There are 2 protein chains.
Amino acid sequence: MKKRSVTSRDVAALAGVSQSAVSRCFSPRASISDGTREKVLAAAKTLGYRPNSIARSLITRSSRTIAVVMSQLDNPFYAQMLDRASRLFQVKGYHLLLFMVSADGESKGVMGEILQSQVDGILMLSASLSSSFAQECVERSIPVVLINRTVDSDSVSQVASDNYHGGYWVGSFLAAAGHERCAFISGLPSASTNVHRRRGFLDALAAYGLTCWAEERGDYQADMARQATHRLCGGDSRPDAIFAANDHMAIAVIETLRTDFSLRVPQDVSVVGFDDIPLAALPSYRLTTVRQPLEEMVVQAAEQLLWQIAEGRIVAVNQTLPIVPILRESARCPTDVHI
Amino acid sequence: MKKRSVTSRDVAALAGVSQSAVSRCFSPRASISDGTREKVLAAAKTLGYRPNSIARSLITRSSRTIAVVMSQLDNPFYAQMLDRASRLFQVKGYHLLLFMVSADGESKGVMGEILQSQVDGILMLSASLSSSFAQECVERSIPVVLINRTVDSDSVSQVASDNYHGGYWVGSFLAAAGHERCAFISGLPSASTNVHRRRGFLDALAAYGLTCWAEERGDYQADMARQATHRLCGGDSRPDAIFAANDHMAIAVIETLRTDFSLRVPQDVSVVGFDDIPLAALPSYRLTTVRQPLEEMVVQAAEQLLWQIAEGRIVAVNQTLPIVPILRESARCPTDVHI
DNA sequence: CTGTTAGCGCTTTCAG
DNA sequence: CTGAAAGCGCTAACAG
């Protein structure tokens, strides 16, 4: 057991004031005279007193804590998002409680724990939320914001980049450059990001009178993308362009193409990704990709969460942020590029 | 304000039992009859009751929460560690509270917040801890485990890989292969990992009658490593081997060598890293490096933390885990390799 | 096995 | 401005 810690009572006794005076001393906007404050602060210092935020949370009904749910910390894109979110909330006086779930589907158990942990808000970084859970959050008036994932509920906020048009851009870019056998390596089939990127890609291809030459499943994972590349190029004919649903996979595709098939990128096969992770810019890859406004997405999500918390009510907002095509050298370009 | 939530009282009233019966129902090993349990559970379900863990923490003096302090989420090595740690603690029924600090030195403010947040333990992932803080943690009997960082205090536990011998291996490997101008790109000067890797490297070189040809500061950051490479190779002569204090920098070094100086690795310059991040194994790099037992380090750190928490007392232990040299093709090999 | 009774450490009216 | 008093929701003796 932990040894009894120093309480506001102890400080009060030493300072010769009431316990509530001590409390006021550590409350932002409470009226207290300078004299008392000094006595209290002095006593607090000698005793090494720190207000117990658990007790504070219990009474204020606010833990100043945000739950972050995510699944893929190995994808630098989400690692970076977490980094940003953490620093951002820290500045606002909130702490992050981290929950990792398996890639697909939410862990039912985990969501239960989140609810019990009395967080003030929930941030889902590309993790799925069941509508029954969304419902329960609303009932407890805990705001939820999904980043890059949608849910069948009109009560949670969503922030996403324009995945459809990102996919559309890739499709038209590839088609305009004269590619005729465009393949798609998908992300998680259940992920809205994947669905939208794919839809956009297919629609663009169709607009050029093309169909997707082949489609393989990659689940947003590097090693699955590697296998998908093998299926794509192992036969008699092979694609002349591959759109991987994210950069993480696209890098794996490029490596596989070069190493296992001695194919050059983009001379033999064009490769396009999605996200624009730092790695994509390295000379070894020079990956043509679609940049998601990472920073902006986090900022918007945080703002929505914070605003709802301050307001004390749930106001669901759907935001779609514009993407930015990034032209590098991993894909052959149309003669004159129309972005 | 949050709407009043369902409490154990409400459940008790509906189930027609006492409030403490409800409490027992949700406590692991409390004696309660099946009949009562069913009634309570039924009532709880219809009301959507979830025990408030804040209130529970207040009385049990245990938040079942671990603070994780780290600075570099962009380094995949630490992202991976966080991932592992998170899942590991989750299984044990603990939650992680994430605190990001600036790369060097601890944020004084952050450590204060950690103390107030009443965590049961603190895990420092390559983040520094001042001895005064270590002291304060001991006084509150909050166990602390540092991973890959040491602190001048005999009351906190430390888990690290054998950085000295890792560096030593690199030095002797490079020297044995006949390299004569070995350069070192350092990590953070204040980091114990950097100090030990460097010391080992220098000692090995000395054993071969060599000295470090040049030393540049990289602070464990990719872009600083790029600049360091420029300083190293921009002059009249250049090193024939570069030891970067971690893989993250080594990758940047290779890219820079190839792109900005048209140098081949390892024919013109050998490059060795440290960590063995997933990227290091990619065909584009095939980085010779020193693997740290990531999984094992996290497991050991978690065990120590959990054990101390269970025991209720601080027992500082220093663990040094063996490293594993990974031979790939980014560095020229000695004719016959003695590992 | 169950209900009653004290609090955990703090914030927050409410008088003075 | 300050102290006294009443809980926040729950656990943990303690009787019955």
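As the structure is a prediction and not an experimental result, all values here were calculated from the model.
Using a 4.0 Å heavy-atom distance criterion, A:I32 is classed as a sugar-phosphate-only contact. Among the atoms of the strands shown, none is found under 4.0 Å from any heavy atom of A:V22.
Between its opening and closing five pairs, the helix from C:dC1-D:dG16 to C:dG16-D:dC1 changes axis direction by 30°, a value rounded to 10 degrees.
At least one side-chain heavy atom of B:N148 sits under 4.5 Å from a side-chain heavy atom of B:Y78. Between A:V315 and A:W307 the shortest side-chain heavy-atom distance falls below 4.5 Å.
Straight-line distance from the CD atom of B:Q19 to the P atom of C:dA6: 15 Å, rounded to whole Å. As a whole-Å value, the separation of A:Y49 OH from C:dG9 P is 10 Å. For B:R9 and C:dT5, the CZ to C1' distance is 12 Å, given to the nearest whole Å. Spacing between atom CZ of A:F26 and atom P of C:dC10 amounts to 9 Å, rounded to whole angstrom units. In this structure, the CZ atom of A:R64 is 13 Å from the P atom of C:dT11, given to the nearest Å. We find that CZ of A:R56 is positioned 9 Å from P of C:dT12, with the value rounded to whole Å. Going from atom CD1 of A:I54 over to atom C1' of D:dG9 covers 13 Å, rounded to whole Å. When rounded to the nearest whole Å, the span between CG of A:D10 and C1' of C:dC10 equals 13 Å.
Taking only distance into account, the side chain of A:R24 meets the base of D:dG3 through a donor-acceptor pair shorter than 3.5 Å.
DNA chain C is contacted by both B:G16 and A:S20; B:G16 maps to the nucleotide lying nearer its 5′ end (nearest heavy atom per residue). Between B:A55 and B:A21, the residue anchored closer to the 5' end of DNA chain C is B:A21, taking for each the nucleotide with the nearest heavy atom.
The distance from the NE2 atom of A:H95 to the CD1 atom of A:I66 is 11.0 Å, given to the nearest 0.5 Å.
In this structure, B:S23 reaches the D:dT11 phosphate: one of its side-chain N or O atoms is under 4.0 Å from OP1 or OP2. Between A:S33 and the phosphate of D:dT2, there is a side-chain N or O to OP1/OP2 separation shorter than 4.0 Å. Using a 4.0 Å cut-off, some side-chain N or O of B:R61 falls inside it from OP1 or OP2 of C:dG9. Remark: A:S8 is in phosphate contact with C:dC10, judged by side-chain N or O atoms under 4.0 Å from OP1 or OP2. For D:dG9, neither phosphate oxygen OP1 nor OP2 lies less than 4.0 angstrom from any side-chain nitrogen or oxygen of B:T7. Side-chain nitrogen and oxygen atoms of A:T36 include at least one within less than 4.0 Å of the OP1 or OP2 phosphate oxygen of D:dT2.
For B:P51, taking side-chain heavy atoms from C-beta onward, the closest of the listed nucleotides C:dT12, D:dC10, D:dG9 is D:dC10. Residue B:S18 places its side chain closer to C:dT4 than to any other of D:dC10, D:dT2, C:dT4.
In this structure, a donor-acceptor pair under 3.5 Å is present between the side chains of A:Y220 and A:T193. Using modelled atom types and a 3.5 Å distance limit, the side chains of B:Q19 and B:S8 yield a donor-acceptor pair.
Here B:Q319 pairs with B:Q300 under the side chain to side chain donor-acceptor pair (under 3.5 Å) rule; sequence neighbours left out.
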Please set out all donor-acceptor pairs under 3.5 angstrom arising from side-chain atoms of residues 33-45 of chain B, sequence neighbours excluded.
from  : atom 1 : to    : atom 2 : distance (Å)
B:S33 : OG     : B:T36 : N      : 3.3
B:S33 : OG     : B:T36 : OG1    : 2.6

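Ion pairing of A:R50 with B:E136 is present here, as a side-chain N (NZ or NE/NH1/NH2) and a carboxylate O approach within less than 4.0 Å.
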